[in-house]
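Because the structure is predicted, anything quoted here is derived from the model rather than measured.
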Amino acid sequence: MRGDPGDVVKLAAAVLLAAAAVKLLWSRIKPARKDEEISGGPRKAAGSNGASSAASQGPEDGLWIYFGSQSGTAEGFAKEIEEEAAGHDISATVVDMEDFEVEVFEQHKNVILVVATYGEGDPPDNAMEFFKWLQDDALEPDVLKGCNYSVMGLGNRQYVHFNACAKAADKHMTRLGASCIHERGEGDDDQNIEEDFEQWKGNGLWPALRKAMGMGASDEAATDANALEAPEAVLKRLPLKIELAENTKELTVDPLVQVGGADVLGKWYFNASLAPMVVCDELRQVAQPEEGKTTKHIEFNVKQLPAVDWRTADNLEVLPENAESEVEWFAQRLGVKDKLDSNLTFVRAAGMDKPVKKPFPAPCTVRTALGIYCDLCASPTRAAAKRLASLANDLEDRAALEALMADREAYQHLTGEQGRLCLRDFFELFLASAEIDLGAFLQLCPRQKSRPYTIASSSKEDPSRIGICVSLVQEKLCSLDGLLKEMDNRGHAVPRASSYLQSLGSAAAEPRCFRGSCTAMLCTRATRGQKMWIYARASTFRLPRRTTTPIIMLGAGTGMAPFRAFIREFRAENGARPRTILFFGCTKSSEDFIYKEELEEALQMQPPALKELVTAFSREQAHKVYIQHRLKERAADVKQMVADGAYIYICGATSMGKQVRDEFIAALGSSDYVDRLQTEGRYVEELW
């Protein structure tokens, strides 16, 4: 290559600059004075991307666990399988389906697929490419010959396409020559999905795997899945530690601690946008927040956020923030009450020589880490509780915890819909003897999940404003005293129950109140100007392009959200859609008829933005009337609209969606007809 002397001079200068940069970077990396370091010690290596634990094994060796997850549950199950595999002398590797590689997958001998079903029977976002490959009819029928597999599915039985992805995975793995060694599991989120997962494992998964891998029967005493590990063993596996400093400039930058998120939740954090709330209006005619009766219309300004890509009636995911009282209690428990406004960052723990990803964006303050990224309010899952339980030092505490972990039904009673024991109470009752610092807690604590809301605004009308409709979720629970007495009756006396109940005084005997974290934040604490983390995700609610196509909409309560969005779109189109009908239901027209004025205005416009509104007020007469009853009354009209090519949209509770579907089947003559409409994209549901 030819060059002139000037280029040589420039090259020399560049080399000198590069050397100086390396020296500066090394000065930042090497050990320096810190305000504090938390959680250290030699650690077991963990993978930096989709694979973890056994990433060094060859693709034909050991067990490979692939997960397709939208909210992190399937990923959590996959990691539980990985942890339990070690107790059965099986080397296991967890892989995010996003990191699926055909050449590698085809070499596997033993595979478990843990996959959720999302939307209208669709794979999660991270599993799209995997299912595209798996369902390819052009693949050779023996491409997976010699591979042993099992499938664990996650779904909701209220949906028509219950566990559709798990069923498809099972079918096509067999089609491609793989051998199913353990019956498919089908988790039902409408009931108890964790119990379904436990039963699937307990019904012979490990004996089947050991047999398939040419191993003898395992020693049950040596592989007790309920036994607690020693605290040192749990802490030793943590790949990170944290550093604290008053100023971010004082924090070390570890080049092998990478951004991007180590898992599904972490990736969400790194891809979300911080948006200011600009509207927070009460929608109910009679609001009683203390009784859980409040519904808010909330809008975020996204004009300066080009990463937020959305369309009318998409889904907006919002990250909850813990109440300040919970943040301060855990800060006190972890010994950082006076450091809430200090900054923290992650660096590799001693002995960790491989790249590892941050669990959430850092540097950030301690207050942010506890307030946003840790789920301090929900009941811990059994797997999360077990990890934390291993840190207890008191023998009586450990014995009580081990017995509780072994009794799935009792743990479900304690933490399920009836008990809902929060993390703070769990710590008070079971983990008073646990020695845990902030660094370990941030890696072991259940992390905050975003909550999805159907967008209630039109991108055609105003692309800079995203609106959502939110009702406070509130439930009355039995007293803590009553809950612990019930646990005692089940054979689980809590050693510290008496002292903790005594410290609560009369409150221990009073009914407790559960509030959903995100709805409580949005409906009771949020103020205009406050910024929140959001992420827009495409939904299946899409209006037909032809404005002459009839549109039938059915929603109850906050299920009105996408139809408010549609009607705002109709307004922006100047009433160009002549055949639109909305069935809307609530309890009373004088109490919770949300968006009432907007609907009346849409009906009166010329031309109307909404052609017809059919209401069902369930508590305004002696017998309850719901939208499915109104639909039945209009069966002939609806049948004609469908014959004319109508699109049907349904939004609300899963139970409502099922009853509405039954009425459509009755009106149209067969379930096959409704199924065909759904396949054509003309029957669309958004249920929860």
Side-chain angles (χ1 to χ4, degrees), residues 117-122 153 155-168 171 186-191 313 454 539-544 546 548-563 566 577 579-587 610-618 621 623-688:
T117 296
Y118 180 70
E120 304 255 323
D122 302 317
N156 188 308
R157 199 172 294 278
Q158 294 284 354
Y159 286 86
V160 175
H161 300 288
F162 175 61
N163 267 303
C165 289
K167 294 172 183 176
K171 172 185 174 182
E186 295 185 357
D188 182 8
D189 195 40
D190 190 52
Q191 297 297 320
T454 307
S539 76
T540 53
F541 274 45
R542 290 287 181 262
L543 287 168
R546 292 179 56 186
T548 55
T549 300
I551 296 172
I552 304 169
M553 302 167 282
L554 303 99
T558 54
M560 170 67 185
F563 308 130
F566 280 179
R577 298 180 187 267
R579 300 182 68 185
T580 58
I581 183 171
L582 168 64
F583 292 82
F584 172 71
C586 62
T587 57
L610 175 65
K611 182 66 175 178
E612 186 176 1
L613 173 65
V614 178
T615 55
F617 304 117
S618 61
Q621 55 281 312
H623 60 286
K624 295 177 182 177
V625 176
Y626 298 109
I627 58 173
Q628 58 265 28
H629 300 132
R630 298 300 189 212
L631 177 61
K632 184 176 183 179
E633 294 169 359
R634 300 294 299 273
D637 296 334
V638 166
K639 183 177 182 179
Q640 184 58 54
M641 291 180 73
V642 172
D644 293 340
Y647 276 57
I648 302 164
Y649 303 91
I650 304 160
C651 188
T654 50
S655 57
M656 179 274 288
K658 185 177 185 303
Q659 293 176 66
V660 165
R661 186 184 186 88
D662 289 342
E663 290 301 332
F664 270 109
I665 291 172
L668 301 177
S670 74
S671 59
D672 289 343
Y673 193 172
V674 175
D675 290 343
R676 188 167 72 252
L677 291 175
Q678 197 155 22
T679 301
E680 295 171 356
R682 291 174 53 200
Y683 189 99
V684 186
E685 298 171 301
E686 188 89 25
L687 307 174
W688 58 84

Strictly distance-based, threshold 3.5 Å: is any side-chain N or O of [X] a donor or acceptor partner for the main-chain N or O of [Y]?
X	Y	result
T587	S618	no
R579	T548	no
Y649	R542	yes

Hey, what do you get for [atom1] ([X]) to [atom2] ([Y]), rounding to the nearest 0.5 Å?
X	Y	atom1	atom2	value
L610	T580	CG	OG1	4.5 Å
S671	R661	OG	CZ	7.5 Å
I665	S670	CD1	OG	8.0 Å

How about [X] and [Y]: do any of their side-chain heavy atoms sit closer than 4.5 Å?
X	Y	result
R682	I648	no
Q659	Y626	no
L668	L677	yes
D188	F162	yes
K167	E186	yes
R577	L543	yes
I650	M656	yes

- request: Take F583 and F563, measure what side chain to side chain contact (heavy atoms under 4.5 Å, CB included) needs, and give me the verdict at the end.
  value: CA-CA 10 Å; F583 292 82; F563 308 130; over 6 Å; no
[X] to [Y] - nearest heavy-atom pair and separation:
X	Y	answer
G557	F584	O-CE1, 3.5 Å
G657	E685	O-OE2, 4.1 Å
I627	G555	CD1-N, 3.9 Å
A646	I552	CB-CD1, 4.0 Å
P562	A313	CB-CB, 4.0 Å
T117	H161	CG2-O, 3.6 Å

- request: With side chain to side chain contact (heavy atoms under 4.5 Å, CB included) as the test, would you mind laying out the steps for M560 and L582 before giving the verdict?
  value: CA-CA 9 Å; M560 170 67 185; L582 168 64; 3.9 Å; yes
message: Whether R546 engages the ring of Y647 as a cation-pi pair (distance to the six-membered ring centre under 6.0 angstrom, angle to the ring normal within 45°) should be assessed.
response: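 No.
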field: D190/R157 ion pair, N-O < 4.0 Å
entry: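 Judged by the 4.0 Å cut-off on N to carboxylate O distance, D190 and R157 do not form a salt bridge.
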query: Can D662 and K658 be counted as an ion pair, charged N to O under 4.0 angstrom?
result: yes
- prompt: Tell me the salt bridge (Lys or Arg N to Asp or Glu O under 4.0 Å) pairs involving residues 626-636, sequence neighbours left out?
  reply: E612-R634, R630-E633, R634-D637
query: M641 pairs by side chain to side chain contact (heavy atoms under 4.5 Å, CB included) with which of T549, I551, I581?
result: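 With M641 as partner, side chain to side chain contact (heavy atoms under 4.5 Å, CB included) holds for just one option, I581.
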- request: Take the angle between the ring planes of Y683 and F664 and call it parallel below 30°, perpendicular above 60°, tilted in between.
  value: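 It falls in the perpendicular class, over 60°.
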